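Below is one structure, written out as structure tokens; the observations come after it.
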Amino acid sequence: MTALASADAAQAEAAADAAEAQAAESPLEGFRIGVTSHRRSQDLIDALERRGAEVIHAPALKIAPVQEDLRLIEDTRAIIAAKPDLCIATTAYGMRRWCEAADTFGIGDQLLETLGACRMFVRGPKARGAVRAAGLADVGISSDETTATLVDMLLAEGVRGKTVAVQLHGYTDVRQLERLRMSGAIVLTVTPYRWVKPDGADRLPRLIEAACTGNLDVLTFTSAPAVDAMWSTAHEMGVYKQLIESLKTNVTTAVVGPVTAQPLVDAGIKPLIPERFRMGALIRLVCEHLALNHVRRLDTRSGNIELRGRSLRIDGQPVELAPAPLLLLRALLGAGGAVLSRESLSDLLELRGSVHALDMTVSRLRSSLPDGKLIETVVKRGYRIRV
């Protein structure tokens, strides 16, 4: 090897090392992630952006102000009057908001006295923390942080003739309530927060369009009602089937826990669910999934190529590509140097067999690259990456 060739190799290796170090610091660079949450959305957005992601924020729902929720106070008074035997607390936020709302209307002490006299069951560690912060004690916790498991526990010890108060969390699991009633319990419910449509009604349709057209890598949800709100909006836009298909094939969905996941699962979608149902665990899972499944690397004669979402680097240097050439390059990189037929590339780009349109896209890709020879024409067959 000549001294010049050795120097070039060393420079390429150094550039690859620098790119790898930057990827470790910004694991979400080049990826576009949708955030649908309203409450605590800024925490999630900041965490994703710190890791390099481009975030599209479109809250699907927001929580109604407690001062406007007279139904909450009516249900609370009914529970106080009924003096329940058992109570299920499903969320920490719901428990805190319930106590705060009762305080606002001057019945906070009565509520705590009522809950203190009954047996409290909690859905998870966060709900347990909120219960204990209110000066109450619990006697049981769900092993998998689901309401269904809590109901199993109650049914095992018997609920016939007993009054059960259930703190709901914005997404009512009707089946679990019915199981209690069918077993002879009198069930009273309270919903400390209700979901209403947020301001900026055009933001969610824009996010749905991005998901349908593949201009999104990951779509995150932190509440089941937000999923339902997205389905409803997609139906109104006439793109529900298109959205579902895109979420099954092109866009990864990620949720904070199994309750949030259920409306997606019901639609035939398999979302990412962290083992620990926390926002930090969700973010780590998204990073790991994208790194393993959506980062393409290839050593070629034109240099070391790394494609992360929409971010392309060749020997560590960023290269800007328009959407169509980027889609074409992603397919060629995925083939790893194998030939892709003109027909398959035309279908991928939805060019309906237009030879001229495909040739123009290839030409635009070549002109955007530092070395246009990276894209090689294989006569009468198609195109490939020159490795």
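Small disclaimer: the values here were computed from a predicted structure and weren't measured.
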>> salt bridge (Lys or Arg N to Asp or Glu O under 4.0 Å) for R206 and D202? Distances and angles first, verdict last.
In response: CA-CA 6 Å; R206 288 205 303 268; D202 61 328; 2.5 Å; yes

> Step by step, would you call Q167 with W98 a side chain to side chain contact (heavy atoms under 4.5 Å, CB included)?
Replying inline: CA-CA 9 Å; Q167 174 253 310; W98 190 13; 4.2 Å; yes

> Which is it for L328 and Y383 under the side chain to side chain contact (heavy atoms under 4.5 Å, CB included) test, yes or no, and what are the steps along the way?
Replying inline: CA-CA 10 Å; L328 179 62; Y383 298 96; over 6 Å; no

>> Under the criterion salt bridge (Lys or Arg N to Asp or Glu O under 4.0 Å), I'd like the reasoning laid out for E29 against R313: C-alpha separation, chi angles, the key distance, then a yes or no.
In response: CA-CA 11 Å; E29 181 186 357; R313 290 181 180 272; 3.1 Å; yes

>> Run the salt bridge (Lys or Arg N to Asp or Glu O under 4.0 Å) test on R179 and D152 for me, step by step, so that the C-alpha distance in whole Å, both residues' side-chain angles and the decisive distance to 0.1 Å come before the verdict.
In response: CA-CA 9 Å; R179 288 178 66 200; D152 289 342; 2.5 Å; yes

>> Evaluate R342 against K380 for side chain to side chain contact (heavy atoms under 4.5 Å, CB included), listing each step before the verdict.
In response: CA-CA 9 Å; R342 298 172 67 87; K380 296 184 179 180; over 6 Å; no

>> Checking T163 against L86 for the side chain to side chain contact (heavy atoms under 4.5 Å, CB included) test, could you report, in this order, the C-alpha distance in whole Å, the side-chain angles of both residues, the deciding distance, and whether it holds?
In response: CA-CA 6 Å; T163 299; L86 307 165; over 6 Å; no

>> Let's go through R366 and T377 carefully: what are the C-alpha distance in whole Å and the side-chain angles of both, what is the deciding distance for side chain to side chain donor-acceptor pair (under 3.5 Å) to 0.1 Å, and is it a yes or a no?
In response: CA-CA 11 Å; R366 284 174 170 154; T377 301; 2.7 Å; yes

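Atom CZ of R32 and atom CZ of R310 lie 4.5 Å apart (nearest 0.5 Å). Considering CG of L374 and CG of L332, their distance stands at 8.5 Å, rounded to 0.5 Å. Rounding to the nearest 0.5 Å places CD1 of I45 at 11.0 Å from CD1 of I56. We find the CD1-CG distance between I208 and L216 to be 11.0 Å, quoted to the nearest 0.5 Å.
Residue P325 comes nearest to T361 through the heavy atom pair N-CG2, 4.0 Å, listed as atom of the first residue, atom of the second, then distance. Between A261 and V255, the shortest heavy-atom distance links the atoms CB-CG2, 3.7 Å. Closest heavy-atom contact between G30 and D217: O-OD2, 4.1 Å. Here the shortest heavy-atom pairing between A89 and M95 reads CB-SD, 4.1 Å. Pairing each heavy atom of H294 with each of F31, the nearest pair is O-CZ, 3.5 Å. Residues I80 and I107 share a closest heavy-atom pair of CD1-O, 4.1 Å.
In this structure, L70 is a member of the same hydrophobic cluster as L111, with clusters built from ILVMFWY side-chain heavy atoms closer than 4.5 Å. L155 and L177 fall within a single hydrophobic cluster, where Ile, Leu, Val, Met, Phe, Trp and Tyr are joined by side-chain heavy atoms under 4.5 Å apart, directly or via other members. Residues V387 and L369 are members of one and the same hydrophobic cluster, defined by side-chain heavy-atom contacts under 4.5 angstrom among Ile, Leu, Val, Met, Phe, Trp and Tyr. I186 and V164 are members of different hydrophobic clusters when ILVMFWY side chains are connected at heavy-atom separations under 4.5 Å. Taken together through direct or relayed side-chain contacts under 4.5 Å among Ile, Leu, Val, Met, Phe, Trp and Tyr, L329 and V339 form parts of separate hydrophobic clusters.
Not one N or O on the side chain of R97 forms a donor-acceptor pair closer than 3.5 Å with the backbone of A92. Side chain of R51 to backbone of C287: no donor-acceptor contact under 3.5 angstrom is found. No donor-acceptor distance shorter than 3.5 angstrom exists from the side chain of R384 to the backbone of L340, with no hydrogens or angles considered. A donor-acceptor contact shorter than 3.5 Å is absent between the side chain of S311 and the backbone of R308. Without hydrogens or angle criteria, T252 side chain to V218 main chain gives no donor-acceptor distance under 3.5 Å. With hydrogens and angles ignored, the 3.5 Å screen pairs no side-chain donor or acceptor of E49 with any backbone N or O of V55. Between the side chain of S246 and the main chain of A211, a donor-acceptor pair closer than 3.5 Å is present. A distance-only check finds a donor-acceptor pair linking the side chain of T36 to the backbone of T220 [under 3.5 Å]. Between the side chain of T260 and the backbone N or O of V256 there is no donor-acceptor pair closer than 3.5 Å. The backbone N or O of P274 lies less than 3.5 Å from no partner atom in the side chain of R284, so there is not a single donor-acceptor pair.
Y240 and H235 have parallel rings, their planes meeting at less than 30° on a 0 to 90° scale where 60° marks the start of perpendicular.
Side chain to side chain, D315 and N304 fail the donor-acceptor criterion of an N or O pair below 3.5 Å. The closest side-chain donor-acceptor pair between H57 and R203 falls under 3.5 angstrom. For the residue pair S368/E320, the side-chain donor-acceptor check at 3.5 Å is not satisfied. Judged purely by distance below 3.5 Å, without hydrogens or angles, the side chains of Q176 and T147 never pair a donor atom with an acceptor atom.
Looking at I244 and W231, their side chains come closer than 4.5 Å, going by heavy atoms from C-beta outward. Residues S302 and I314 have side chains not in contact (no heavy-atom distance under 4.5 Å, counting atoms from C-beta outward). Within the 4.5 Å cutoff, no side-chain heavy atoms of L290 are placed close to those of P27.
Annotation for E178: atom CD counts as buried by contact number, over 12 foreign heavy atoms lying within 6.0 Å. The local environment of CZ in R381 is sparse, with at most 12 non-hydrogen atoms from other residues, nucleotides or ligands closer than 6.0 Å. Under a cut-off of 6.0 angstrom, the local environment of CG in N293 is crowded, with over 12 non-hydrogen atoms contributed by other residues, nucleotides or ligands.
Here the options are R123, R132, R119, the test is salt bridge (Lys or Arg N to Asp or Glu O under 4.0 Å), and the partner is D138; only R132 passes.
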